[in-house]
Amino acid sequence: MTTLTEAGPQTTADTKANRQADNMAVASFVLGLLGTLVLNLVLGPCALVLAGLALARGTTRRGRALLGLTLGFADLILLATLATNDGTVSWHIGG
């Protein structure tokens, strides 16, 4: 006797995990973007971690996660540049 299994919709756990991964991707993008302006030291690594988690969990917003990853790296490069040139870890406007 052959048993047919019904391919039903995704389970609620899969849907919830996918939604969380999508939210992480968007959060990494936003934090990376904000990190270019303020708090590079904090927001850059947060963007990197959230983007990595979103990609590992299979987000459908892969582009945003990759942008968050790129902006997180840019935050850290900007921080290193500021620290090297000015000897400070903050923005400095003026002479």
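- Taking CD of Gln20 as the reference point, atom CG of Asn23 lies at 7.5 Å (rounded to 0.5 Å).
- Taking Leu33 as the reference, Phe29, Leu71 meet the side chain to side chain contact (heavy atoms under 4.5 Å, CB included) condition, with sequence neighbours excluded.
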Distance-only donor-acceptor pairs under 3.5 Å for side chains of residues 43-62, two or more places apart:
unit_1, atom_1, unit_2, atom_2, d
Thr59, OG1, Asp22, OD1, 2.6
Thr59, OG1, Arg61, N, 3.1
Thr60, OG1, Asp22, OD1, 3.0
Thr60, OG1, Asp22, OD2, 3.0

Acceptor/donor pairs from residues 72-82 side chains to any protein atom, 3.5 angstrom cut, sequence neighbours excluded:
unit_1, atom_1, unit_2, atom_2, d
Asp75, OD1, Thr36, N, 3.0
Thr81, OG1, Ile77, O, 2.8

